[in-house]
Amino acid sequence: MHDIRFIREYPAAFDAGLKKRNLAPLSAEILAIDTRRRAAITESEGIQARRKTLSQQIGMAKRKGEPADALMAEVAALEEGLKKGEALAAELDAELTRRLEVLPNLPAGDVPAGSDETANVEVRRHGNQRNFSFAPKDHVALGEATGEMDFAAAVKISGSRFVFLKSHLAKLERALAQFMLDLHTIEGGYTEVSPPLLVKDAAVYGVGQLPKFAEDMFHTDNGFWLVPTAEVPLTNLVNDTVLDEKDLPLRFTAYTPCFRSEAGAAGKDTRGIIRVHQFPKVEMVSITTPEQSAAEHERMTGRAEEVLKRLGLAFRTIVLCGGDMGPASRKTYDIEVWLPGQTAYREISSCSNCGDFQARRMAARFRPKEGKGTRFVHTLNGSGLAVGRTLIAVLENYQNEDGSVTIPEALKPYMGGLTTIPAPAK
RNA sequence: GGAUGGGUGGCCGAGUGGUUUAAGGCACCGGUCUUGAAAACCGGCGUGGGUGCAAGCCCACCGUGAGUUCGAAUCUCACCCCAUCCGCCA
């Protein structure tokens, strides 16, 4: 949600930010509504002040037993104008909110301009793409050969874009999640959280997913949303609260399934488990002061990269251009892991600094050490990592010619002594 | 699913039609005292909005929205949310 005072003060900067998002300028239109709104407020408040004074006089007169008929008549005469003024002010206020709540956050100054992923900018690369002495298979071929990745069963029970993992693969998924959580809690300083996965409208509105992106999520018939990411419950942990500056930053991590309807993704990534309706993810969320958030963003991205480094997976980190960022973000790094089965880097994490955009929507503030009043916190979220896609990366990068898969060193403690996922029986 | 109770400032909590300009406490900030701290004492301290160069002035806000009234935290209605008990259940 945008601050109308910022738009009043810096209309050109506001429009420039929208332009980076490939949106037309809106400041003139919005400020016109704001001007009419303020005029309506000023007028109706004047009438209210008058009524208040008169009512107090009526009270005093009655207590003294004096007649108050003239005063009461004067108040009655105000009635109509007051009703109209209040209604107009409320209507204009609602219109302003309707306009503002659907707008995306303004990109940070160092975010590149551009309309789609072709304008994203690579900021660093790590690790080497593995050279294979044989033709590497993709994760589907590897998983189906052993029967441990079962799409046919999932189709029967849930339809397309679901999967059963069995035996070693189910265990590998669990090992990955546990490895990541340990890394974030022990080394990263994050507090592990096990959050609700069904949430109310207000929570989803708070992170900016509602009212505009309802179709991307699943909804239950008694009014809950299935979380599309643990960002929703974790960030809302601070909704409607006033924190103490000394308690910031707050860092939360959670391992949860994520549910996405993938509306509008028909025909995209239909093979395998790259894009499914339900996937496991370890999420990181930080709550900071405005001064801390840029540094925290780098730190968080570094923690996500650290997972890939420990797993020995090659990746690159890119900064998204204005047109490719999620709506709540002011700056986003995507981390892409090398997938030999696709001979491509594919997104495995997305780390966003949302500034005060979500904080405004969910009323998350802090009391500064210096100065009076309250300020909005900054919120950040990042995957650390998408566990399903990490599983793909491990399978494809650590596969052997016979179809077996070597377990990466870092995961061995979590695999109960297993060093290799066996090759399929011939 | 059935029954009951309840939503008041950062937190706790009083308040059943008119100086409520929301008591009191806690927390926080400043001061006195102290070698320093604690305690004690004194003072300050809600949020949002409008207006103004500013000092300031004004309006709203007691879950949300309507209503009654000259006047509503307080009365009426609807809705939302929370809690407890019973039933069912991992």
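Chain naming here is simple, since letters A, B, ... match the order of the sequence lines and numbering starts at 1 in each. Small disclaimer: the values here were computed from a predicted structure and weren't measured.
Pairing of B/G56, defined by two Watson-Crick or G-U wobble distances under 3.5 Å, is identified with B/U51. Partner assigned to B/A14 is none, using Watson-Crick or G-U wobble distances below 3.5 angstrom. Across all strands shown, B/C61 forms a Watson-Crick or G-U wobble pair, both distances under 3.5 Å, with B/G46. The base-pairing partner of B/U20, taking Watson-Crick or G-U wobble contacts with both distances under 3.5 Å, does not exist among the strands shown. B/C85: Watson-Crick or G-U partner is B/G2, with both key distances under 3.5 Å.
One finds no side-chain N or O of A/Arg5 lying less than 4.0 angstrom from the OP1 or OP2 phosphate oxygen of B/G48. Taking side-chain N and O atoms only, A/Arg365 has no distance below 4.0 Å to OP1 or OP2 of B/U47. The shortest distance between the side-chain N/O atoms of A/Arg367 and the OP1/OP2 oxygens of B/C28 is not below 4.0 Å.
With both ends at atom P, the span from B/A73 to B/G67 equals 16 Å, rounded to whole Å. Between B/G1 and B/C70, the two C1' atoms lie 48 Å apart (nearest whole Å). Using C1' as the reference atom, B/G46 and B/G13 are 15 Å apart when rounded to the nearest Å. Separating the C1' atom of B/A72 from that of B/G56 is a span of 29 Å, rounded to the nearest Å. When the P atom is used for both B/C59 and B/A22, the distance is 13 Å, rounded to whole Å. B/G31 and B/G36: their P atoms are spaced 13 Å apart (whole Å). Comparing the P positions of B/U47 and B/C11 gives an interatomic distance of 12 Å, to the nearest angstrom. Look at the C1' atom in both B/A66 and B/C80: the space between them is 14 Å, to the nearest Å.
Counting to the nearest Å, the C1' atom of B/U69 and the CG atom of A/Leu82 are 14 Å from each other. As a whole-Å value, the separation of A/Lys52 NZ from B/U21 C1' is 8 Å. Here B/C28 presents its P atom at 8 Å from NZ of A/Lys246, a figure rounded to the nearest Å. One interatomic measurement links the two molecules: CG of A/Leu92 to C1' of B/G50, which rounds to 14 Å at whole-angstrom precision. Between A/Glu91 atom CD and B/G65 atom P there is a gap of 16 Å when expressed in whole angstrom units. Distance A/Leu100 CG to B/G49 C1': 15 Å, rounded to the nearest Å. To the nearest angstrom, P of B/U51 lies 8 Å from CG of A/Asp34. As rounded to whole Å, 15 Å separates atom C1' of B/A27 from atom CG of A/Leu243.
A/Ile30 pairs with exactly one of A/Thr35, A/Leu100, A/Asp15 by the side-chain contact (heavy atoms from CB on, under 4.5 Å) rule, that one being A/Leu100. Of the options A/Arg299, A/Arg303, A/Met300, a side-chain contact (heavy atoms from CB on, under 4.5 Å) to A/Arg251 is made by A/Arg299 and by none of the others.
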Polar atoms only, N or O, under 3.5 Å: list the protein pairs with nucleotides 16-20 of chain B and their distances.
residue, atom, partner, partner atom, Å
B/G18, O2', A/Arg63, NH2, 3.4
B/G18, N2, A/Ser55, O, 2.9

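Taking every side-chain heavy atom of A/Glu45 into account, B/C58 is the closest of B/C70, B/C58, B/U51. Distances from the side chain of A/Val242 to the nucleotides B/G49, B/G10, B/U51 place B/G10 closest. When distances are taken from the side chain of A/Gln48 to each of B/C59, B/G50, B/G67, the shortest belongs to B/C59. Checking B/G71, B/U47, B/G50 against every side-chain atom of A/Arg37, the shortest atom distance belongs to B/G50.
At a cut-off of 3.5 Å, with distance as the only test, no side-chain donor of A/Glu192 or A/Thr185 sits close to an acceptor on the other residue. Between A/Asn22 and A/Ser115, the side chains place no donor N or O within less than 3.5 Å of an acceptor N or O (distance only, hydrogens not considered). When only modelled atom types and interatomic distance are considered, A/Ser293 and A/His378 share a side-chain donor-acceptor pair under 3.5 Å.
Nucleic acid contact for A/Arg8: sugar-phosphate only, since backbone atoms but no base atoms lie under 4.0 Å from a heavy atom of the residue.
Taking the ring centre of A/Tyr205 as origin, the terminal cationic atom of A/Arg361 falls inside the region bounded by 6.0 Å and 45° from the ring axis.
Under a 4.0 Å N-O distance rule, the pair A/Glu74/A/Arg50 qualifies as a salt bridge. A salt bridge is absent between A/Glu101 and A/Lys212; no separation between the charged side-chain nitrogens and carboxylate oxygens falls under 4.0 Å. Salt-bridge check for A/Arg36 with A/Glu91: failed, with every basic side-chain N at 4.0 Å or more from each acidic carboxylate O.
Both A/Ala76 and A/Arg50 lie near RNA chain B, and the one whose nearest nucleotide falls closer to the 5' end is A/Arg50. Sequence order on RNA chain B of the closest nucleotides to A/Phe376 and A/Thr241 puts A/Thr241 first from the 5' end.
In this structure, A/Pro290 and A/Asp356 have side chains that are not in contact, with every pair of non-hydrogen atoms separated by 4.5 Å or more.
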